[in-house]
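Quick notes on the structure that follows.
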Amino acid sequence: MSEFESRRLSELTGPLQNAESGPDGSVQSRRVFLARTSVLTLAIPGVGAALAACTPTGSKPADTTHRGAADTGRGRTPGTHNSDSRLDSTVLEAEHRPGTSATGAATAAGPNVAYHRYAPELPPLPTGATGATGTTGTTQRIHFHAREAPVRISDDTVVAAWTFEGDVPGPIVHTRVGDTVEFTLTNDGDIPHSMDFHAAQIDPKEAFRSVVKGQSLTFTFKPRFAGAFMYHCGTAPVLMHIGSGMFGAICVSPREPLAPARDYVLVQNELYLADTANGTRASDYQKMLKMMPDIVCFNGRPNQYVKDPIRVKVGDRVRFWVVSAGPSHPCNFHVVGEQFDTVYLGAPPASAIRGVQTFTVAPGGGMIFELMCDIPGEFPFVNHGFGHGQKGAIGLLVVEP
Amino acid sequence: MSEFESRRLSELTGPLQNAESGPDGSVQSRRVFLARTSVLTLAIPGVGAALAACTPTGSKPADTTHRGAADTGRGRTPGTHNSDSRLDSTVLEAEHRPGTSATGAATAAGPNVAYHRYAPELPPLPTGATGATGTTGTTQRIHFHAREAPVRISDDTVVAAWTFEGDVPGPIVHTRVGDTVEFTLTNDGDIPHSMDFHAAQIDPKEAFRSVVKGQSLTFTFKPRFAGAFMYHCGTAPVLMHIGSGMFGAICVSPREPLAPARDYVLVQNELYLADTANGTRASDYQKMLKMMPDIVCFNGRPNQYVKDPIRVKVGDRVRFWVVSAGPSHPCNFHVVGEQFDTVYLGAPPASAIRGVQTFTVAPGGGMIFELMCDIPGEFPFVNHGFGHGQKGAIGLLVVEP
Amino acid sequence: MSEFESRRLSELTGPLQNAESGPDGSVQSRRVFLARTSVLTLAIPGVGAALAACTPTGSKPADTTHRGAADTGRGRTPGTHNSDSRLDSTVLEAEHRPGTSATGAATAAGPNVAYHRYAPELPPLPTGATGATGTTGTTQRIHFHAREAPVRISDDTVVAAWTFEGDVPGPIVHTRVGDTVEFTLTNDGDIPHSMDFHAAQIDPKEAFRSVVKGQSLTFTFKPRFAGAFMYHCGTAPVLMHIGSGMFGAICVSPREPLAPARDYVLVQNELYLADTANGTRASDYQKMLKMMPDIVCFNGRPNQYVKDPIRVKVGDRVRFWVVSAGPSHPCNFHVVGEQFDTVYLGAPPASAIRGVQTFTVAPGGGMIFELMCDIPGEFPFVNHGFGHGQKGAIGLLVVEP
């Protein structure tokens, strides 16, 4: 990174902090905000080359993990363009929602969007496998589209979200140590986006760089460690991209399978909402800076598993793959009326502690929590830091006889 | 839980959050607050059947662990009543303290309440045992009364608290893996309360359900894991019930005794105080939502072990059973001038790490910290997150020659 | 500690909290603030005897670890004086900056202070050794001067800091389990300061007591555990002394050397800045109480290792000794595009977990994070709690082919 670029970085973080300290909490104009975004894309390491030299790939991989959102063909051919003018046109379209996620298609038809429960089940490992099988495992091809879209998170709230595959969180990815993931990101959104897998050991300057509208990027990695890992958009300001919905879980199983269990994925995230416009609430960057979320929840929707619980049977082992997406706060994970036989602080089967009531998953981290369902009942799982936790980070594990 | 109930839950969390976001921090009327409380009692899983179907028990168990507060006979016979009208009468009595803990007897004679130090010593295991001894251990019968009562936490401050047994924290419970705890809760307070032991694996919908005034509930459990566990009232809003004083520690020893030590129990909690009325400060729900406590302390009183330290001798092993009651913040536990030989992140004797300066106990969690007192001196123990820690989470361990 | 002293402590914490709760955020006069500081110095355990009975030492040890700041001979002979009047004169000099770090020499010539990068490399163990070598190791003599000094943390910001050796953080200390550290603190500042090493097991009432201007204090300790430990000024209010710059890292290697690695020390800290006066920003105690920092960074300067990265080669093992100085917030340490092979939660080589994306270092704590640099690239290291992390807690690890 050149000194010129880092100077632009400091120019950027400066004003944002000043805005936070300001007496009126005023937000900058959308034009300034988006200009910042594009400059930061250049200035933040790992995404430096994005706008200037986005490298589309010619391959057309199969989508293997789309969930929840309808997948209409969006295989448009990436082309060259003047990204600045494109950003400017976005500015013109959404001039009335400065400093928020109310971009492009994020609010279109918002009030008509249907609610759906986010399925928490860990999907099975791809057995058919789209690639060759060898001694080091199979190859899984995944194609995500970054898309600005309205997402209904409750009966009365639709959020103008920035998404992977139209949902928040994005689809759950399940792979295995030593297998190969070939990932393609296509950006259908108006502003640059990118993908950072915490399960990958890879040069982020190349693999995690930003992609502008209409372009694609492919990279390949082999997870070395098992665990519950976060993925997220790493385009600056990362706080805004995660806070607006661009995150999810990639679960890596060890090569020696863990004990049979009912596996569930819970991604805790915070929502910071601007006032409603057109029936859709946008993510509010100024609120994110103040770190006092309106909602904290599992898998994007407050209390969704109270309304429609996770159901297992007596005798089941339940394994929660818990990811704390933040963008700012941890998850103090606890199950009322139960105790965790095992919590894996690092890669299973090592790094385990036993007999745990509550453990903190760092923002940007993940851990695996196991319990045996010896008795029937209704067991709420919560973030036991109640100031945030009661804002929606509660669900129900129903153990049926 | 029916959909109707969960919808009421979301109605409740909505307005509370809006109140927090409001420009003036105004609180709702007490009538609204208490109405909310009673609805939430129905709506929160695990306590759902409380008001409608509280099941009193006829047994009259012996109280084995009362500490600190005088135990005047409160074995009143539970009866049937219209809980709504009862709640309403509470509203009428305390109309002037909306959104606070200033209920019923919580402020009565507050200014005249005497200060007492909360004894931090882990009580011995009950050897005489009130129940039968068998291969799986003894039975300990415990009877707590939920009571709204003023508690003096310092020379100049009395808090209108919601308590177990009239003190904050409630009594320390000491039991052992495989032993049986038969617990009875009798509610002498004006609003519903309940009990959630983190050491129990039990159906919370039944065991942890709310109990209304004058009624009782009994349940039995056998702790499976050793450790320092939290207990607390789980009646909604849990934030309010924990924040107003309804929490404590249940310490579970392993069947193979740990190394001989001086054992102390430290429960960190936060206080959020409303302005004084009648010389007694109440817990303030709006402040709890903002998560900026006025006081953070060990065992309910700021700096109490600075005033009257914990005293041991050179050569002693000291074992701190640290519980972080929150309701919202962790405890970053540290002893100035010492280092922990061992911290048990989970159930001892496993899950141990060595040579630790500071470790974070999650809100709703507990850990065991051990150190050898090799040298004499005065060693402050603190929450090393000083923004909160300096609000009273400091004590003195004096090691005498 | 006498009851008289502890009462003064409670008098002090009370008003500070009230000030925080106040509607206007007004600060007390500097005279009151400094008076408080000196009283607290008496009242806080471990530093109680400071002002009254500071014990200078006659020895003139060699300074072995000065880094970054020019070391002009400051071996002035400690003398007796009336510390109260001295404090008063400080008040007179800086009457215009109440409640801040703008004391004594902290602002002098601030605008002209040059920026320098804080060298993150772990210094080698002292082999020549200033003391005798025996079976239990060598003796290292260290002499720090507490000094109020302006420190440039970026192109446009100079902070009126309270420092060890004129820099923030203070110098990195590297020692070894069983070796001896003989430490001397000389106070060149206007207000009392002290030294608390988390690597020492020692009576803090004596060793960590406050030293007034012009006086010195020497103590000796042998670290028993390996790890990344914090050191800091423990003079009350500790929040203010850490928040104004008086902290650093003492790294203790085990006697059996760890695997060869490139070792780097990263100390995360928060800055809370008052408005500029005379071109220098001071640390703001009222902001510290509100716990919303303006800057969060590694080794005292926002984004300094983005501007000038840490550079290693493919094949290197990198070992980060991460200390979270706070004063209030944790560090959720993460390296973008990499995973930690090992994180030592306690003393290495034990207490290790494997395959970690992100782990939380408590404020006042330290952990060791190791990764293997198998591939070239540019890997940002961050605090993944982005609300705070994006305020400057980012750096670049460049792995060259």
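Note on naming: letters A, B, ... go to the chains in the order of the sequence lines (proteins, then strands), and numbering restarts at 1 for each one. Just the heavy atoms: all of them, side chains too, but no hydrogens, waters or symmetry mates, feed the values below.
The residue among B:Gly346, B:Ala200, B:Gly364 with the most heavy atom pairs within less than 4.5 Å of chain A is B:Gly364. Taking chain A as the reference chain and counting heavy-atom pairs below 4.5 Å, the highest number among B:Ala350, B:Pro348, B:Gly243, B:Gly366 is found for B:Gly366. Annotation: maximal heavy-atom pairing with chain A below 4.5 Å, among B:Ala199, B:Ala352, B:Gly227, occurs at B:Ala199. The choice from A:Asp308, A:Val343, A:Val336 that makes the most heavy-atom pairs within less than 4.5 Å of chain B is A:Val336. Of the residues considered (A:Asp341, A:Val382, A:Val399, A:Asp156), A:Asp341 shows the highest number of contacts with chain B, using heavy-atom pairs under 4.5 Å. Contact count against chain A (heavy-atom pairs under 4.5 Å) is highest for B:Ile202 among B:Val361, B:Ile202, B:Thr360, B:Leu345.
Judged by distance alone, with hydrogens and angles left aside, the side-chain atoms of B:Lys287 form a donor-acceptor pair with the main-chain N or O of B:Leu273 at under 3.5 Å. Side-chain atoms of B:Asn383 never come within 3.5 Å of backbone atoms of B:Ala393 as a donor-acceptor pair (strictly under, hydrogens ignored). Of the possible polar contacts, one joining the A:Gln304 side chain to the A:Asn299 backbone as a donor-acceptor pair under 3.5 Å is found. The closest donor-acceptor contact from the side chain of A:Thr280 to the backbone of A:Val158 lies at 3.5 Å or more, if one exists at all.
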Before giving the answer on salt bridge (Lys or Arg N to Asp or Glu O under 4.0 Å), spell out for A:Asp374 and B:Arg224 the whole-Å C-alpha distance, their side-chain angles and the decisive distance to 0.1 Å. CA-CA 12 Å; A:Asp374 298 313; B:Arg224 283 182 49 207; 3.1 Å; yes
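Proximity of A:Leu239 to A:Met291: side-chain heavy atoms (C-beta onward) are nowhere separated by under 4.5 Å.
Heavy-atom distances place both the backbone and the side chain of B:Met230 under 4.5 Å from chain A.
Under the side chain to side chain donor-acceptor pair (under 3.5 Å) criterion, no residue pair touches residues 343-353 of chain B, with sequence neighbours excluded.
Scanning residues 317-335 of chain A against chain B with a 4.5 Å heavy-atom cutoff picks out A:Asn332, A:His334, ordered by number.
Using the six-membered ring where Trp is involved, B:His198 and B:His232 have ring planes that are perpendicular, over 60° apart on the 30 and 60° scheme.
For B:Phe208 and B:Phe219, the gap between ring centers is short of 6.0 Å.
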